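First up is the structure itself, then whatever we jot down about it.
Treat the numbers as computed from the prediction; the structure is a model and nothing was measured.
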Amino acid sequence: MSIEGNEESCERSTATSLIRAKRKTSVVWDYFIRLKPNSIDGKYEVQCMICKKKFAMGPTFGTTNLKRHLEKHNPDKAKEGQNEPIDQKTYREKMSLAICRHNYAFSFVEHKGIRDIHSYLNPIARHISRNTAKSDILNLYAREKELLKAELALISSRVCLTSDMWTSLISNGYMCVIAYYVNINWVLQKRVLIFRHVPPPHSGVVLGHFLIDFLKEWGIEKKIFALTLDNATCNKGVVDVLKNHLSLMRSLVCEGKFLHVRCGNHILNLIVKAGLAKVDAAIGKIREGVKYIKNSEVRLEKFAECLSNLGLPCSKKLRQDVPIRWNSTYQMIESALLYQQAYIHYDLVDPDFRHGLFEDEWKKVEIVATFLRPFYDITTLFSGCKYPTANLYLPNIWRIEMLLVEHKRSKDPMMTEMATSMLKKFKKYWESYNIILSIAMVLGPRYKLNFVKFCFSKLNSDSADQKVKVIEDNLKLLFEEYLIPSTTTSLSTSLPEEHACSSRNQMTEAFEEFDMFQSQLESSTSKTQLELYLEEANVDRKTNPNLDVLGFWKDNKLRYPELSLMARDVLSVPITTVASESAFSTGGRVIGKFQSSILPANAEAKLCTRDWICGQEDLDGFKSDSDEDEIVVDLQPYVDKLRDHHISKDNPQ
C-alpha cells in the first residue's frame with residue numbers, strides 16, 4: 001500500500017486509540033517524553049527533554065513533581081546553555097511549507113530521523129502527527145486561498161486562463177486551471193487556481209460546467225478575458241458552454257470574439273512532427289542507438305573510451321527522447337551530432353551495434369537540425385511564464401511561415417518534401433493569424449501597426465491590405481469596448497487601483513488627476529487615444545532591445561488611460577498551456593506511485609499551496625515537464641573513470 005494510503009487508513013485507528021487511552025493534557029508533557037512501556041503494575045519512566053533527568057510514573061502518580069522540576073528550568077526564560085523556547089505555531093507552519101515545497105508525505109513529520117534532528121536542535125520542540133500535519137496544510141491552503149481570492153477581487157484587470165486535463169496513475173482525471181493577470185504594480189502574475197479531481201465522463205459539456213463552477217467558487221466569472229486550450233476534441237464544447245454562460249451575464253469582451261486561444265506550442269508540435277516523419281528512419285536509428293548504449297554500463301564505458309580517444313568534449317549529455325514531444329527529439333539530435341564521430345567509431349568497435357547511420361543519413365540529420373533550430377528557440381520563447389508572451393506571437397509565427405515558404409522552394413528534395421508537409425499543417429491551424437494575439441503585437445510600442453503591414457506584405461502582397469484591415473478593425477472594436485463602462489464589470493476606471501490604495505500627498509494626486517483630465521479632454525476634442533498612440537513615433541528598437549512592454553504602459557497610463565487598461569489585459573493572454581503541463585509534472589509527484597492513494601482534496605491543497613507560496617522558484621527535486629520522461633546520461637563520470645584508470649596504470653604504487 002502507498003505511503004499516503006497508509007496515512008489515510010491510519011485516521012480511524014488513531015481515533016480508536018484516543019478513545020482507549022486517556023489523553024495527557026498537562027503542560028508538563030510538552031517537556032517530558034515516555035521512555036519505557038508499562039510494567040505489570042502500570043509503572044513507567046519519563047525523561048526531561050531539557051536536562052535528560054528520569055522520573056518514575058504510574059497510575060497513582062501525579063504531575064506535581066514534574067511541574068516542580070520544570071520550574072527549575074524556567075522554560076519561558078532560558079538560562080545559560082539552555083535552548084530558547086520556540087513558537088510552536090511557526091514551527092508547524094514551516095513544517096507544512098516544507099511538506100508542500102518538497103512534496104514530502106504527511107508521515108514525514110513522524111519519521112524518527114527527522115524528530116531526532118528537531119529534538120537535537122531544540123529539545124522542547126513538540127512533535128506533531130501526520131494527521132496534525134495534514135490539518136495544518138489544509139488550514140494553510142484555506143488561508144492562502146482567501147488571500148488570493150481577495151487579491152483577484154480587488155484588481156481592475158481582466159483574468160486570462162489556461163486549462164487542461166491530466167490522468168493520474170490510478171486513472172483519476174484532474175482538471176488544472178491557471179490564472180494570468182497583471183497586478184497593481186503592472187507585473188504579470190501566474191497562479192494555479194485549481195487542481196481538482198473531475199469524475200467521468202470528460203466530455204466538453206461536462207468539463208465546461210465544471211469550469212463554470214470553479215470560476216464561481218473563485219468569484220471571477222465576470223472577469224474572464226481569454227481562455228487558452230490545446231486542440232483536444234472536447235475543448236470546443238468547453239468553450240461553447242463557457243461562452244454561452246458568460247454571454248448571459250454580459251461579462252464577455254466583444255461578445256466573446258477573442259475568448260478562445262489555441263495553444264501555440266501544441267500547434268508547433270503538430271507542425272514539426274509532420275516534418276520529422278519524412279526523416280523518421282535516421283532519427284529512429286539515433287533513438288535506438290542511444291537506447292542500446294545507455295542500457296549497459298560496459299557499453300557506456302566503451303562509448304566514453306571512443307570520446308576519450310577522439311578528444312571530444314562531454315559538454316552535452318546522451319539523450320533519449322520522448323517521441324511525442326518534438327523538442328526533446330531535437331535535443332537528442334543535437335546531442336548525437338556533437339558525438340557523431342564517437343558514434344561512427346563505436347560502430348566499428350562493437351560488432352553487436354546495429355544502429356549506425358550512413359554518411360548521407362548524418363548529412364540529412366545535420367540539415368534537419370539546422371532547419372529546426374528556429375522552431376526550438378520559438379517553442380522555448382513561447383513557454384515563458386514570467387513575461388508577457390502574447391506580443392511574441394505574430395513576429396515568430398510569421399518567421400516560421402517565411403522559413404517554410406523558403407524551404408518549400410529548396411533544391412534539396414528532402415527539404416522540399418519536409419517543408420511542404422509542415423506548411424500544409426501550418427495552414428490548417430494558422431491560415432488566419434490569431435486576431436487578439438496580433439493586436440498584442442500592435443500594442444508593442446517598438447512595432448505597432450506598421451510591423452504587421454510589413455509581415456503580411458512579405459508573405460503575400462495581394463492579400464496583405466485585407467489582412468491588416470481585419471486586425472485594424474478588430475483593434476478599434478476592442479478599444480471601443482474599453483470606452484463603454486460595463487454594467488457588470490468596469491473595463492475603464494477613472495484611476496488605477498494603486499492610486500486609490502496609496503496615501504500620497506493630496507497635491508500630487510490632484511496634479512495627476514489634472515494630467516489625466518487634460519489627456520481625456522484632448523482626446524475627446526481631437527483624436528482618440530488609439531489614434532494618438534499609433535501616430536506617435538515608435539520607441540527605438542535598437543536602443544531598447546529588452547523593453548518591458550508592461551512597464552511602458554504603466555509609465556504611460558496617464559496619457560492613455562483606457563488604452564493602457566486594454567493593453568494590460570491583452571498582454572496577459574498566455575499563448576501556450578505549458579504552465580498547466582508543468583503543474584501536471586508536479587501533480588505526478590504529489591500523486592505518484594508512493595502516494596497514489598492520497599485524497600484528491602489533500603493533493604490539491606499541497607500542489608496549490610506550493611504554487612501560491614513558492615511561486616516560480618526552482619525548487620529542489622522538481623524537474624520541468626519537458627524533462628519528466630526523458631532519459632539523460634551524463635558521460636563525464638565514465639570519461640573520468642577511464643582517465644583515472646590510465647593514471648593508476650601508468651603510476652603503479
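- Looking at F225 and V159, their side chains never come closer than 4.5 Å, going by heavy atoms from C-beta outward.
- The side-chain contact (heavy atoms from CB on, under 4.5 Å) check on N269 picks up K273, W326, with sequence neighbours excluded.
- Every residue two or more places apart in sequence or in another chain that forms a side-chain contact (heavy atoms from CB on, under 4.5 Å) with T389 is listed here: Y387, L392, I575.
- Looking at I194 and C176, their side chains never come closer than 4.5 Å, going by heavy atoms from C-beta outward.
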Carefully, step by step, assess T167 and N172 under the rule side-chain contact (heavy atoms from CB on, under 4.5 Å). CA-CA 5 Å; T167 304; N172 284 343; over 6 Å; no

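- In plain terms, the two heavy atoms of T228 and P574 that are nearest each other are OG1-O, 2.6 Å.
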Tell me, with the steps shown, if L188 and K386 meet side-chain contact (heavy atoms from CB on, under 4.5 Å). CA-CA 7 Å; L188 182 65; K386 298 182 180 180; over 6 Å; no

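- Within 6.0 Å of the CZ atom in R143, the count of heavy atoms belonging to other residues, nucleotides or ligands exceeds 12.
- The line from CG of L259 to CD1 of I224 is 8.5 Å long, rounded to the nearest 0.5 Å.
- N544 places no side-chain N or O within 3.5 Å of a backbone atom of L547 that could act as its donor or acceptor partner.
- The ring-ring contact (aromatic ring centres under 6.0 Å, His included) check on F456 picks up Y433, with sequence neighbours excluded.
- Checking Y174, Y141, W612 one by one against F195, the ring-ring contact (aromatic ring centres under 6.0 Å, His included) holds for a single residue, Y174.
- The side-chain hydrogen bond (donor to acceptor under 3.5 Å, both in side chains) search around K317 returns none, not counting sequence neighbours.
- In terms of heavy atoms, A369 sits closest to I333 at CB-CG2, 3.9 Å.
- Checking N474 against K257 by side-chain atom types alone, a donor-acceptor pair falls below 3.5 Å.
- Remark: Y447 engages F451 in a ring-ring contact (aromatic ring centres under 6.0 Å, His included) (not counting sequence neighbours).
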Output, in order, the C-alpha distance, side-chain angles, deciding distance and verdict of side-chain contact (heavy atoms from CB on, under 4.5 Å) for M165 and L207. CA-CA 9 Å; M165 289 295 297; L207 295 178; 3.8 Å; yes

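- Closest heavy-atom contact between E401 and K427: OE2-NZ, 2.9 Å.
- Electrostatic pairing of E334 and R319 does not count as a salt bridge here, judged by no charged N lying under 4.0 Å from a carboxylate O.
- Two residues are said to be in side-chain contact when any heavy atoms from C-beta on lie closer than 4.5 Å; Y180 and Q189 fail this criterion.
- In this structure N231 satisfies the side-chain contact (heavy atoms from CB on, under 4.5 Å) test together with R262, H266, I267, L270, Y429, sequence neighbours excluded.
- Applying side-chain contact (heavy atoms from CB on, under 4.5 Å) to M332 and the options I283, V322, N327 leaves one that passes, I283.
- A search for side-chain contact (heavy atoms from CB on, under 4.5 Å) contacts involving N556 returns F552, R559, Y560, not counting sequence neighbours.
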Between D136 and M95, does the side-chain contact (heavy atoms from CB on, under 4.5 Å) criterion hold? Intermediate values first, please. CA-CA 9 Å; D136 286 347; M95 288 293 288; over 6 Å; no

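- Under the rule for a ring-ring contact (aromatic ring centres under 6.0 Å, His included), the partners of Y376 that lie at least two apart in sequence or sit in another chain are Y330.
- Sorted by first and then second residue, the side-chain hydrogen bond (donor to acceptor under 3.5 Å, both in side chains) pairs with a member in residues 209-218 read K145-E217, R196-E217; sequence neighbours excluded.
- Between W398 and Y393, the ring center distance fails the sub-6.0 Å criterion.
- Between D321 and R325, none of the side-chain N atoms (NZ, or NE/NH1/NH2) sits under 4.0 Å from a carboxylate O, so this pair counts as no salt bridge.
- Using a cutoff of 4.0 Å between basic side-chain nitrogens and carboxylate oxygens, K557 and E562 are not scored as salt-bridged.
- Looking at I436 and L478, their side chains come closer than 4.5 Å, going by heavy atoms from C-beta outward.
- Looking only at side-chain heavy atoms (C-beta outward), I137 and N602 stay at 4.5 Å or farther from each other.
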Step-by-step salt bridge (charged side-chain N to carboxylate O under 4.0 Å, His left out) determination, D548 to K554: CA-CA 10 Å; D548 177 3; K554 177 185 178 182; over 6 Å; no

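- No salt bridge links E472 with K453; every basic N to acidic carboxylate O contact stays at or beyond 4.0 Å.
- Every residue was checked against the salt bridge (Lys or Arg N to Asp or Glu O under 4.0 Å) condition with E151, not counting sequence neighbours, and none meets it.
- Between L423 and L404 the shortest heavy-atom distance is CD1-CB, 3.8 Å.
- Shortest non-hydrogen contact noted between E481 and L252 is OE2-O, 3.7 Å.
- When side chains are defined from C-beta on, V368 does not count as touching K278, because their heavy atoms never get closer than 4.5 Å.
- No donor-acceptor contact under 3.5 angstrom links the side chains of D569 and Y181, judged on distance only.
- Applying the ring-ring contact (aromatic ring centres under 6.0 Å, His included) criterion to F375, with sequence neighbours excluded, gives F371.
- Between L211 and V241 the shortest side-chain heavy-atom distance does not fall below 4.5 Å.
- Note that CG of L607 is 9.0 Å distant from CG of N103, once rounded to the nearest 0.5 Å.
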Distance-only donor-acceptor hits, side chain of residues 197-204, under 3.5 Å, sequence neighbours excluded:
residue: H202; atom: NE2; partner: V198; partner atom: O; Å: 2.6
residue: S203; atom: OG; partner: V206; partner atom: N; Å: 3.4

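- Between P561 and Q529, the shortest heavy-atom contact is N-OE1, 3.2 Å.
- If you run salt bridge (charged side-chain N to carboxylate O under 4.0 Å, His left out) between D611 and each of R191, R101, K190, only K190 comes through.
- The backbone N or O of T379 sits less than 3.5 Å from a side-chain atom of S383, completing a donor-acceptor pair.
- Judged by distance alone, the side chain of W553 and the main-chain N or O of L443 form a donor-acceptor pair under 3.5 Å.
- Sparse packing is recorded around NZ of K94, with 12 or fewer heavy atoms of other residues, nucleotides or ligands lying under 6.0 Å away.
- Between L550 and L571 the shortest side-chain heavy-atom distance falls below 4.5 Å.
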